[in-house]
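Sequence lines set the chain letters: A, B, ... in the order given, protein chains first and strands last, and positions in each chain run from 1.
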2 protein chains.
Amino acid sequence: MSVLRPRTADATRPSANAHLDLHELVETHLRRIDQRYTSGRQAVVQLLATSGRPLSISDISSAAPDVPRSSAYRHLSDLQRAGVVRRIAASDEFARFELAEDLTHHHHHLLCSNCGKVIDVTPSPAFEATVASMVDDLTLEQGFHATSHALDVIGHCASCQAT
Amino acid sequence: MSVLRPRTADATRPSANAHLDLHELVETHLRRIDQRYTSGRQAVVQLLATSGRPLSISDISSAAPDVPRSSAYRHLSDLQRAGVVRRIAASDEFARFELAEDLTHHHHHLLCSNCGKVIDVTPSPAFEATVASMVDDLTLEQGFHATSHALDVIGHCASCQAT
DNA sequence: GTTGTAATGAGACTCAGTCTCAGTATACGT
DNA sequence: ACGTATACTGAGACTGAGTCTCATTACAAC
């Protein structure tokens with residue numbers, strides 16, 4: 001598993017401190033459903049943690065070519081079951097995966113309708129408060145129980161505008 | 001095309017007045033890209049207009065069994081090209097289709113993460129103003145050019161809470 | 001009519017994503 | 001250490017939503 005450094009040698013891992021806690025947290029989440037935090041899963045989590053944007057299976061496969069696709073898919077669905085990973089639908093046909101907000105921070109997405117790229121953006125607390133109260137209003141009428149929300153902005157990313 | 005009433009006999013169509021303008025508008029949009037507004041396409045538009053929620057291909061097929069799937073897919077993609085239909089990704093594996101907001105009104109979606117159902121909700125103008133300005137802030141930083149936005153609320157619908 | 005263009009249905013095809021299965025690794029009890 | 005139960009793994013078969021092809025049919029314009 002070449003993409004993955006040994007977990008006991010954190011000094012050699014880029015931004016080691018930032019992700020030390022993360023890996024322990026992920027392990028806890030997995031243990032909760034009797035799953036192990038194996039090297040393949042660590043590789044996937046490491047990628048998601050350092051990418052800064054949601055990744056497609058192709059992204060993951062090319063960044064970690066020694067993780068077979070069928071395993072990558074299984075890792076992602078196991079990690080999702082454990083509450084570590086969230087699957088999102090982009091504007092193209094490919095699903096993207098990112099770490100759950102519990103392990104990172106609340107954010108939204110800019111979706112490029114031309115190239116399919118997904119960019120993370122963080123909203124201000126004031127805005128989020130407004131969204132939260134509005135969501136409450138909208139959902140109450142419908143007897144809907146909201147667990148989360150997503151504000152997607154659709155448009156063209158900087159590089160696609162240049163074209 | 002049994003689902004579709006003749007366009008010249010609007011009095012026999014449920015809520016005829018509400019959709020009279022719509023069909024003419026759709027025809028205009030199609031003409032713009034040298035497409036005709038045929039009976040199959042009318043059937044699809046009629047369904048989307050009266051459903052009140054985004055429909056999957058299965059929804060469309062069962063409501064209009066005499067429209068073959070391959071034709072329904074093609075109608076939807078042609079209508080999308082014409083700016084009449086918008087394709088949205090729900091929380092399950094099935095794409096949903098709805099009339100473009102140009103032809104209806106701006107709204108958002110409640111997505112049931114259990115059964116995949118999608119419910120339309122309309123935000124207050126005050127809220128939309130807030131969203132719009134916030135979207136501007138977020139996108140400007142990234143050099144992103146926004147064309148639209150979507151606020152999706154994920155949770156459980158009324159009927160899935162009962163279970 | 002004739003002619004060019006668009007529309008249609010049937011079914012083959014694509015490919016992201018899932019499932020199966022046989023083999024391997026790991027944790028735990030003794 | 002050893003045995004056992006359970007989880008993990010990779011390869012490849014499989015599924016099915018969605019797309020494409022093609023032969024045929026409908027339409028619009030002149």
Side-chain angles (χ1 to χ4, degrees), chain A residues 1-4 6-8 26-45 54-62 64-82 84-97 116, chain B residues 1-4 6-8 26-45 54-62 64-82 84-97 116:
Chain A
M1 202 57 55
S2 68
V3 266
L4 194 76
R7 298 202 45 234
T8 47
V26 170
E27 189 158 14
T28 307
H29 277 266
L30 282 169
R31 283 257 171 80
R32 220 169 269 160
I33 57 166
D34 292 314
Q35 298 284 299
R36 300 173 197 148
Y37 194 30
T38 61
S39 60
R41 292 171 182 179
Q42 289 173 44
V44 170
V45 168
L55 298 180
S56 66
I57 278 285
S58 310
D59 293 333
I60 293 170
S61 272
S62 52
D66 45 359
V67 177
R69 292 213 164 201
S70 63
S71 297
Y73 275 117
R74 186 176 26 214
H75 291 330
L76 288 165
S77 86
D78 291 342
L79 288 166
Q80 189 177 27
R81 253 192 324 129
V84 171
V85 158
R86 187 169 64 144
R87 170 189 227 128
I88 61 174
S91 52
D92 57 18
E93 67 205 282
F94 307 108
R96 313 285 160 126
F97 300 88
Chain B
M1 202 54 56
S2 68
V3 267
L4 194 75
R7 297 201 46 236
T8 47
V26 170
E27 189 157 15
T28 309
H29 277 266
L30 282 169
R31 283 255 171 81
R32 218 169 270 158
I33 58 166
D34 292 314
Q35 300 283 297
R36 299 171 197 149
Y37 194 30
T38 60
S39 60
R41 291 171 181 178
Q42 289 172 45
V44 170
V45 168
L55 298 180
S56 65
I57 277 286
S58 311
D59 293 334
I60 293 170
S61 272
S62 51
D66 45 357
V67 177
R69 291 213 163 199
S70 63
S71 297
Y73 275 118
R74 185 177 27 213
H75 291 329
L76 288 165
S77 85
D78 290 342
L79 289 166
Q80 189 177 28
R81 256 195 317 131
V84 171
V85 157
R86 187 168 66 143
R87 171 188 227 129
I88 61 174
S91 52
D92 56 19
E93 66 205 286
F94 307 108
R96 313 286 161 125
F97 301 88

message: Heavy atoms from C-beta onward define the side chain here; which of D:dG18, C:dT8, D:dC8 lies closest to that of B:Arg41?
response: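 Closest nucleotide among those given: C:dT8.
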
message: Heavy atoms from C-beta onward define the side chain here; which of D:dA11, C:dA10, D:dG18 lies closest to that of A:Ser70?
response: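 Looking only at side-chain atoms, A:Ser70 lies closest to D:dA11.
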
- prompt: Between B:Arg87 and B:Leu76, is any pair of side-chain heavy atoms under 4.5 Å apart?
  reply: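 Counting from C-beta outward, B:Arg87 and B:Leu76 never come under 4.5 Å.
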
Examine the base of [N] for any acceptor or donor lying under 3.5 Å from a partner atom in the side chain of [X], and report the outcome as yes or no.
X       : N      : result
B:Arg36 : C:dT5  : yes
A:Arg87 : C:dG17 : no
B:Arg69 : C:dG9  : no

Take the protein atom [atom1] of [X] and the nucleotide atom [atom2] of [N], then report the distance between them rounded to whole Å.
X       : N      : atom1 : atom2 : result
A:Tyr37 : C:dT26 : OH    : C1'   : 17 Å
B:Glu27 : D:dC27 : CD    : C1'   : 13 Å
B:Ile57 : D:dT19 : CD1   : P     : 9 Å
A:Asp78 : C:dT18 : CG    : P     : 11 Å
B:Arg74 : C:dG9  : CZ    : P     : 8 Å
B:Asp92 : D:dG16 : CG    : C1'   : 14 Å
B:Ile88 : D:dA17 : CD1   : C1'   : 16 Å
B:Leu30 : C:dA6  : CG    : P     : 13 Å

- request: Please say whether more than 12 non-hydrogen atoms of neighbouring residues, nucleotides or ligands are located less than 6.0 Å from CZ in A:Arg31.
  value: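 At most 12 heavy atoms, drawn from other residues, nucleotides or ligands, come within 6.0 Å of this atom.
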
- request: Kindly compute the distance separating CZ (B:Arg41) from CG (B:Leu30), expressed to the nearest 0.5 Å.
  value: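 Spacing of CZ (B:Arg41) from CG (B:Leu30) equals 6.0 Å.
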
message: Using a 4.0 Å heavy-atom cut-off, does B:Asp34 contact any base of the nucleic acid, only the sugar-phosphate backbone, or nothing at all?
response: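 B:Asp34: backbone/sugar contact only, no base atoms under 4.0 Å.
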
message: Quick check on DNA chain D: between B:Arg31 and B:Phe97, whose nearest nucleotide comes earlier from the 5' end?
response: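 It is B:Phe97, whose closest nucleotide lies nearer the 5' terminus.
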
With a 4.0 Å limit, can you tell me whether [X] has a side-chain N or O closer than that to the phosphate oxygens OP1/OP2 of [N]?
X       : N      : value
A:His75 : D:dT9  : yes
A:Thr38 : D:dT9  : yes
A:Tyr73 : C:dG17 : yes

- request: Work out which heavy atom in A:Gly116 is nearest to a heavy atom in A:Ser91; give both atom names and the distance.
  value: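 Taking A:Gly116 first and A:Ser91 second, the nearest heavy atoms are CA-OG, 4.1 Å.
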
task: Mind running side-chain contact (heavy atoms from CB on, under 4.5 Å) on B:Ile33 and B:Asp78 for me, showing each step along the way?
output: CA-CA 9 Å; B:Ile33 58 166; B:Asp78 290 342; 5.9 Å; no

